[in-house]
Amino acid sequence: MNTPAATSLTMAESVVEHIPALADPEDDPAYHVFIDSLDYLPAADVALVREAYRFSERAHRGQVRLSGEPYITHPLAVAGAIAEWQMDVEGVVAALLHDVMEDTAVGKSEIAERFGQPVADLVDGLSKLDKIEFQSHEEAQAENFRKMLMAMAHDLRVVLIKLADRHHNLQTMAAVRAEKRRRIARETLEIYAPIAGRLGLNKLFRELQDLSFQLIYPMRAHVLARALRAARGNRRELLSRILEGIKGRLQEAGIEARVLGREKSLYSIYRKMLDKRLSFSQVLDVYGFRVLVKNVPSGYLALGALHGLHKPVPGKFKDYIAIPKPNGYQSLHTTLIGPHGTPFEVQIRTEAMDQVAQEGVASHWLYKDSEEFGADLQKKTTKWFHSLLDLQSGTNDSSEFLEHVKVDLFPHEIYVFTPKGKIIALPRGATAVDLAYAVHTDIGNHCVAAQVNFKPQPLIAELTNGDRVEIVTAADAHPSAAWLSSVKTGRARSKVRHYLKSVQHDESTVLGEKMLDQELRALGVVASELPVSSWKNVLRDSGNKLIKEVYTDIGLGFRLAGVVARRLLAREEAAQPTDRPPASLVIRGTEGLAVQFAPCCQPIPGDPIIGSVWKGKGLVIHTHDCLAIRKARSAKPTKWIDVEWEPEPGKLFSVRLLVMVQNTLGALGRIATEISSSGTNIEHVNMEEKHPGLYTTLHFTVQVASRTSLARLMRSLRRIPEVVRITRDQGLTA
Ligand code: MN
């Protein structure tokens with residue numbers, strides 16, 4: 001599959017005879033570097049590798065890669081990577097031969113004869129893997145993935161050679177057509193890179209991700225790499241100062257260690273920006289340091305010494321030495337605050353652990369001195385594969401199997417099922433609203449309820465892996481602003497925001513018209529009696545096409561109602577503030593997003609209120625005595641509009657109550673019962689023990705219609721014997 005060009009060539013020996021003599025392939029300098037790197041193998045093994053190279057070169061002779069290079073350069077590079085892991089001779093030989101069965105006339109028996117059965121089995125396994133093409137089609141993909149895992153479980157060397165093969169292919173893709181390039185890169189991100197990660201091959205894992213990222217999004221990768229280079233330049237001095245500081249402190253403490261600077265991979269920075277919706281400059285922990293020590297006790301000593309040097313960020317310390325990650329990774333992680341408040345991560349581990357951290361399961365071959373690591377890891381990995389195989393024997397459904405495997409490979413995702421059995425991947429923590437939007441915007445915009453595993457659940461409840469989720473929709477249902485704090489996917493968030501914006505727009509239009517009417521009435525004019533001609537000037541000045549647009553601008557705070565009113569009446573001279581009594585605006589509370597009630601003082605009907613229009617936000621209402629706005633009011637008195645409640649407002653309003661009670665069993669229960677029996681909704685309750693043992697302060701948020709109903713509620717609560725004090729909390733006890 002890697003050599004589309006090869007399929008058009010006939011590879012019979014007789015054809016090869018006719019190709020003009022090439023320069024001796026053993027003259028290739030890359031070949032000599034490779035042979036030199038085999039110094040860990042006995043001479044007899046090196047001789048076998050040389051023979052395999054000659055054999056492979058002959059078999060591939062005449063084939064060229066799309067880049068124009070002789071095909072043999074590819075197996076040579078793959079074998080080089082395998083030799084870097086110091087894999088055994090069978091692995092190195094198999095890497096050299098990994099494409100011969102696929103692309104040439106050489107059969108398995110011939111390989112077995114020349115290089116032994118184990119090598120033939122490896123090459124055969126690799127050829128079968130090569131035939132697997134991951135397609136977007138779920139079923140086919142699942143089946144292929146299963147085959148690959150079977151091959152891997154059989155012999156781990158197969159997957160290591162396959163990963164090295166993929167790594168080299170990604171590095172040499174310039175001549176491949178763009179569509180195929182992206183497909184291979186995407187497949188690498190979805191399948192191969194996670195496998196490398198699961199096997200602990202972190203270096204390869206990062207490189208596979210970065211290469212794929214560059215192939216899928218060349219522009220983004222380019223821009224990000226440039227930003228990273230610039231940032232590195234800017235912080236060079238700071239980083240070297242931190243580095244020297246760490247070295248010095250460890251030396252003082254008598255800890256022998258190597259200290260290295262390190263940088264996050266491009267792809268991991270990109271993911272972080274995407275997942276957390278950060279800009280590049282907000283991704284602060286791009287840089288980090290690695291401290292390599294001789295043994296575990298000095299690791300903990302080094303940690304202590306560094307926490308004395310820079311302040312650690314609470315909650316960021318992780319001990320993966322005591323509790324290794326499932327892929328065998330061991331290290332201490334801590335985040336410290338450097339000069340200028342720049343946080344940076346430090347990883348502390350032994351040299352042997354570092355080897356495992358870089359090369360994972362491959363360190364079995366690489367790091368023979370530390371048998372316990374390699375052997376243990378090998379055992380764990382084999383166990384992992386076997387658990388996957390157990391899983392697959394329990395089901396005949398490939399896609400179900402794939403989901404299980406994916407859950408294991410991608411711990412940050414969950415998979416849920418639609419009633420029709422479709423599988424949808426969502427980030428961990430996602431809600432039914434996320435799912436609804438993942439299915440279709442219309443479903444998201446009209447969802448009212450969810451049935452999770454046939455039971456009703458709130459729309460914003462967190463879903464778990466394997467849930468069957470049915471979304472109930474209603475034509476007249478609409479997204480709620482409250483969803484924004486629960487949804488996890490960017491898609492759901494942006495769709496809800498978009499909807500709210502459009503609604504706010506409409507509601508602002510209504511408010512704007514009302515505000516303008518009010519101003520005109522104060523000037524003694526009835527809006528509906530204004531001739532259309534008087535609007536001409538206003539529309540011309542503002543560049544708006546429709547009167548409605550002017551209303552919207554007023555409602556959103558982009559234009560002042562007073563100015564527009566005077567312009568309408570062509571009373572330019574009155575454009576300065578006059579001493580006429582300001583007209584007050586009447587509100588109902590049901591204006592929607594165009595009228596917002598300030599969370600600091602939570603006005604309710606009956607409270608004297610005042611409002612000011614904020615650009616793009618609409619009218620924000622406070623109580624007259626709200627301390628939060630006192631300064632703003634005296635600074636700009638003209639910005640504030642007197643507002644009045646309509647006699648019978650149309651909704652319930654939230655208000656906070658502080659109830660101090662004696663600590664007796666059941667006090668909370670009695671109060672809650674009293675509140676709900678008075679017909680009031682409790683929205684939220686929280687408690688805080690200020691005087692442990694004696695009193696507790698309960699924070700209630702309740703919904704009331706007006707000041708009168710609130711007063712009635714407070715009176716009835718005071719009658720409860722345990723209640724010591726009860727106050728309305730307007731956030732300003734200071
Ligand atoms: Mn290959």
Side-chain angles (χ1 to χ4, degrees), residues 1-9 11 25 28 30-31 34 49 52-85 87 90-108 110-111 115 119-134 144 147-148 151-152 155-177 180-189 191-193 195-196 201 204 207-208 211-212 215 362:
M1 73 183 254
N2 303 316
T3 54
T7 51
S8 58
L9 295 168
M11 277 303 112
D28 184 351
Y31 176 66
F34 166 64
V49 173
Y53 175 75
R54 281 192 294 272
F55 181 84
S56 179
E57 192 279 325
R58 246 193 334 272
H60 287 295
R61 193 173 296 168
Q63 288 180 308
V64 283
R65 307 198 82 213
L66 282 180
S67 60
E69 288 175 299
Y71 194 80
I72 187 65
T73 55
H74 168 64
L76 180 63
V78 175
I82 295 303
E84 249 176 67
W85 283 327
M87 203 191 276
E90 289 167 358
V92 179
V93 169
L96 281 170
L97 302 178
H98 79 269
D99 279 334
V100 291
M101 273 175 68
E102 184 79 354
D103 301 335
T104 77
V106 176
K108 186 177 176 183
E110 192 182 348
I111 296 176
F115 301 101
V119 170
D121 286 341
L122 283 173
V123 175
D124 188 41
L126 282 158
S127 304
K128 286 193 177 126
L129 267 187
D130 258 358
K131 290 208 183 73
I132 297 175
E133 268 215 31
F134 292 99
N144 289 334
K147 279 191 202 140
M148 184 162 87
M152 295 197 312
D155 192 330
L156 191 58
R157 291 174 298 182
V158 170
V159 72
L160 292 174
I161 297 169
K162 182 67 206 169
L163 289 171
D165 177 32
R166 176 52 61 102
H167 185 220
H168 186 247
N169 282 334
L170 285 180
Q171 286 172 305
T172 50
M173 278 224 157
V176 177
R177 92 200 125 77
K180 180 174 180 183
R181 212 156 56 196
R182 277 196 295 273
R183 180 175 62 74
I184 303 264
R186 213 164 280 131
E187 177 186 294
T188 306
L189 275 186
I191 308 284
Y192 290 98
I195 288 174
L201 300 149
L204 188 62
E207 285 178 21
L208 289 175
L211 286 166
S212 304
L215 290 169

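For ligands, and for the atoms within them, numbers begin at 1 and follow the listed sequence. Note: hydrogens, waters and symmetry copies are ignored here, and every other heavy atom, side chains too, is used.
- None of the N, O or S atoms belonging to H168 lies under 2.8 Å away from the Mn ion (ligand 1).
- Side-chain contact annotation: T188 with R166, donor-acceptor N/O pair under 3.5 Å present.
- A donor atom on one side chain and an acceptor atom on the other are found under 3.5 Å apart for H98 and D165.
- With the Mn ion (ligand 1) as the vertex, OD1 (D165) and OD2 (D99) define an angle of 170°, rounded to 10°.
- In this structure a side-chain-to-backbone donor-acceptor pair under 3.5 Å is present from R181 to A174.
- Looking only at N/O/S atoms, H98 comes nearest to the Mn ion (ligand 1) through NE2.
- Ring-centre distance between F115 and F55: below the 6.0 Å cut-off.
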